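Keep in mind that this is a model prediction, so the values were computed, not measured. These values consider heavy atoms only, across backbone and side chains, with no hydrogens, waters or symmetry-generated copies. Below, read A as the first sequence line, B as the second, and so on, with proteins coming before strands; counting in each chain starts at 1.
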Amino acid sequence: MKIATWNVNSLKVRQQHVIDWLELSHTDVLCLQELKLPDEKFPHEELAQKGYRSWCAGQKTYNGVGILVRDGLKVDEASIVRNIPGFEDPQQRVIAATVEGVRVISAYFPNGQAPGSDKFAYKLRWLDALEAWLADEMRTHAELALLGDYNIAPEDRDVHDPKAWEGQNLVSPEERAAFARLAGMGLVDSFRQFEQPEKMYTWWDYRMLAFRRNAGLRIDHILLSPSLSARCTSCEVDKTPRKWDQPSDHAPVIAQLG
DNA sequence: ATGGCCATTTCAAATGGA
C-alpha cells in the first residue's frame with residue numbers, strides 16, 4: 001500500500017494536478033492539506049470517476065484537509081474523525097480514517113507566523129492537543145501514520161540555509177522540541193529510515209526563484225508508529241509536480257508499506 | 001537589493017502563507 005501527503009494550496013486550482021499525480025504515482029491513500037474550499041465544493045464525484053473515495057474537513061478560504069482512498073481498500077466509515085477531539089477549533093486541520101486497519105491521519109499543522117506571535121502560541125497549543133490525542137490513538141491503533149504539512153523542519157539538514165533560518169518560524173527550538181516529542185512517542189520519520197539525496201526538501205517559496213535554486217525546507221512528513229515503520233520499504237519526495245505549470249509550492253511525499 | 005509569488009475575497013487591495 002502506497003500512502004502519500006500533499007499540501008496542494010487550493011484543491012480548486014490543483015484538482016487536475018492531484019488527478020494526474022495519483023495516476024503517475026499509483027498512490028493508494030493520499031492525504032491532502034490546504035484545500036481552501038468548503039465541504040460542498042469538494043470534488044468527490046470527479047475523484048470517484050478516477051477510482052478514489054474521499055473524505056474531507058473543509059472550510060471557506062483557509063485550511064481544509066482530506067483523505068483519498070483507492071477503490072477496493074477497506075475503509076471503516078465509523079472510523080472517520082474530524083479535528084482533534086476535545087480541542088475546540090474553527091480551523092479545519094485534521095481528518096483521520098482507518099484504511100485496511102491502518103490509522104491514517106491527514107494533518108495541516110498551523111504555520112505559526114513568527115515566534116512570540118499569537119499565531120505561534122496557537123501553534124504550540126495545537127501541538128500539545130495533537131500530542132495528547134495521538135497518545136490515545138496509538139494505544140488503540142498499533143499501525144498508525146501521521147501524514148501532513150507539519151510546518152516544522154526538524155533538523156538543520158532539512159533547511160537550505162540553516163544560518164539564515166536560525167531561530168525563525170518553522171525551525172525554532174520550541175517547534176523542534178514538539179517534533180522531537182512525537183519521535184519520543186515512538187513515531188518514526190519514514191523519510192529518515194532510508195538513505196536520501198542531500199538537500200531534499202518539500203517546500204519552496206514561490207518567490208526568489210527558490211525552486212530553481214533548491215532553496216527549500218523539508219516540512220511535510222510521514223511519521224509511522226513502530227509496527228508500521230517496520231512495514232515501510234521506502235519513502236521519497238516527488239518533486240515532479242512542483243515542476244508543472246501553476247504548481248503548489250509543496251511537493252508530495254510518498255511511502256511504500258509492505 | 002530585506003523585495004520578489006500565489007490564492008482568496010471580491011473587483012482593489014488586504015490577508016495569509018512559510
Side-chain angles (χ1 to χ4, degrees), chain A residues 5-18 21 31-43 56-66 89-94 106-127 130 147-179 191 199-221 237 239 241-253:
Chain A
T5 181
W6 195 6
N7 178 325
V8 290
N9 184 21
S10 168
L11 183 57
K12 183 185 171 195
V13 174
R14 238 65 70 183
Q15 182 175 320
Q16 194 57 47
H17 281 200
V18 168
W21 188 73
C31 295
L32 297 175
Q33 300 87 38
E34 279 211 88
L35 306 178
K36 294 188 171 180
L37 43 75
D39 286 344
E40 60 270 22
K41 296 210 172 151
F42 191 95
C56 68
Q59 68 179 91
K60 191 177 153 92
T61 312
Y62 300 118
N63 310 308
V65 288
D89 192 352
Q91 302 185 37
Q92 302 299 304
R93 297 185 172 280
V94 171
S106 176
Y108 176 44
F109 291 41
N111 172 285
Q113 198 165 59
S117 68
D118 289 349
K119 286 176 181 171
F120 192 81
Y122 163 71
K123 183 177 195 172
L124 297 182
R125 278 206 323 275
W126 188 94
L127 284 163
L130 177 75
L147 307 90
D149 175 0
Y150 284 56
N151 271 316
I152 301 172
E155 298 178 68
D156 277 355
R157 60 179 164 161
D158 302 313
V159 179
H160 69 97
D161 186 349
K163 264 222 169 75
W165 277 87
E166 191 174 1
Q168 301 288 310
N169 194 42
L170 314 182
V171 308
S172 74
E174 286 164 291
E175 292 161 86
R176 285 181 169 177
F179 189 93
F191 183 79
K199 303 182 192 304
M200 188 57 74
Y201 309 120
T202 65
W203 170 84
W204 303 261
D205 202 307
Y206 283 123
R207 298 167 292 185
M208 301 171 283
L209 305 171
F211 184 66
R212 217 166 72 183
R213 295 189 295 123
N214 196 29
L217 303 175
R218 192 175 72 93
I219 55 176
D220 300 85
H221 309 292
V237 178
K239 289 165 77 168
R242 188 62 177 78
K243 300 166 188 170
W244 292 344
D245 283 343
Q246 206 178 2
S248 167
D249 44 358
H250 294 253
V253 183

Trainee: Nearest 0.5 angstrom please: D39(A) CG to Q92(A) CD, how far?
Mentor: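 Separation between the atoms: 7.0 Å.
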Trainee: Among W203(A), F179(A), Y201(A), which one satisfies ring-ring contact (aromatic ring centres under 6.0 Å, His included) with H221(A)?
Mentor: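 That would be F179(A).
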Trainee: Scan residues 149-165 of chain A against DNA chain B and write down, sorted by residue number, each residue with any heavy atom closer than 4.0 Å; if none is found, say none.
Mentor: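 The answer is D149(A), N151(A).
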Trainee: Could you give the distance from CG (N63(A)) to CG (L37(A)), rounded to the nearest 0.5 Å?
Mentor: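 Rounded to the nearest 0.5 Å, the CG-CG separation comes out at 11.5 Å.
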Trainee: Output yes when D156(A) and R176(A) qualify as a salt bridge under the 4.0 Å nitrogen-oxygen rule, no when they do not.
Mentor: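 R176(A) and D156(A): salt-bridged.
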Trainee: What contact category does N7(A) fall into here, base, sugar-phosphate, or nothing, at under 4.0 angstrom with non-hydrogen atoms?
Mentor: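 Sugar-phosphate, backbone atoms only, no base.
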Trainee: Would you say Y122(A) and N111(A) are linked by a side-chain donor-acceptor pair, where the criterion is simply a distance under 3.5 Å?
Mentor: no
Trainee: Looking only at side chains, do S10(A) and E34(A) share a donor and an acceptor under 3.5 Å apart?
Mentor: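 Side chains of S10(A) and E34(A): no pair found under 3.5 Å.
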Trainee: Rounded to the nearest 0.5 Å, what separates atom NE2 in H250(A) from atom CZ in R14(A)?
Mentor: 10.0 Å
Trainee: If you assign each of L217(A) and Q246(A) to its closest nucleotide in DNA chain B, which residue comes earlier from the 5' end?
Mentor: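 The residue whose closest nucleotide sits nearer the 5' end is Q246(A).
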Trainee: With Watson-Crick and G-U wobble geometry limited to distances under 3.5 Å, how should the secondary structure of DNA chain B be encoded in dot-bracket form, using | for bases paired to another strand and [ ] for crossing pairs?
Mentor: ....(((((...))))).
Trainee: Provide the start and end nucleotides, 5' to 3', of the part of DNA chain B that has atoms under 4.0 Å from heavy atoms of chain A.
Mentor: dG4(B) to dA18(B)
Trainee: Say whether T202(A) and D220(A), considering side chains only, have a donor N or O and an acceptor N or O under 3.5 Å apart.
Mentor: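 Judged by distance alone, the side chains do pair up.
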Trainee: Say you draw a straight line from CH2 of W6(A) to OG of S248(A); how long is it, rounded to the nearest 0.5 Å?
Mentor: 7.0 Å
Trainee: For residues N151(A) and Y108(A), is any side-chain donor paired with an opposing acceptor at under 3.5 Å?
Mentor: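 Side chains of N151(A) and Y108(A): no pair found under 3.5 Å.
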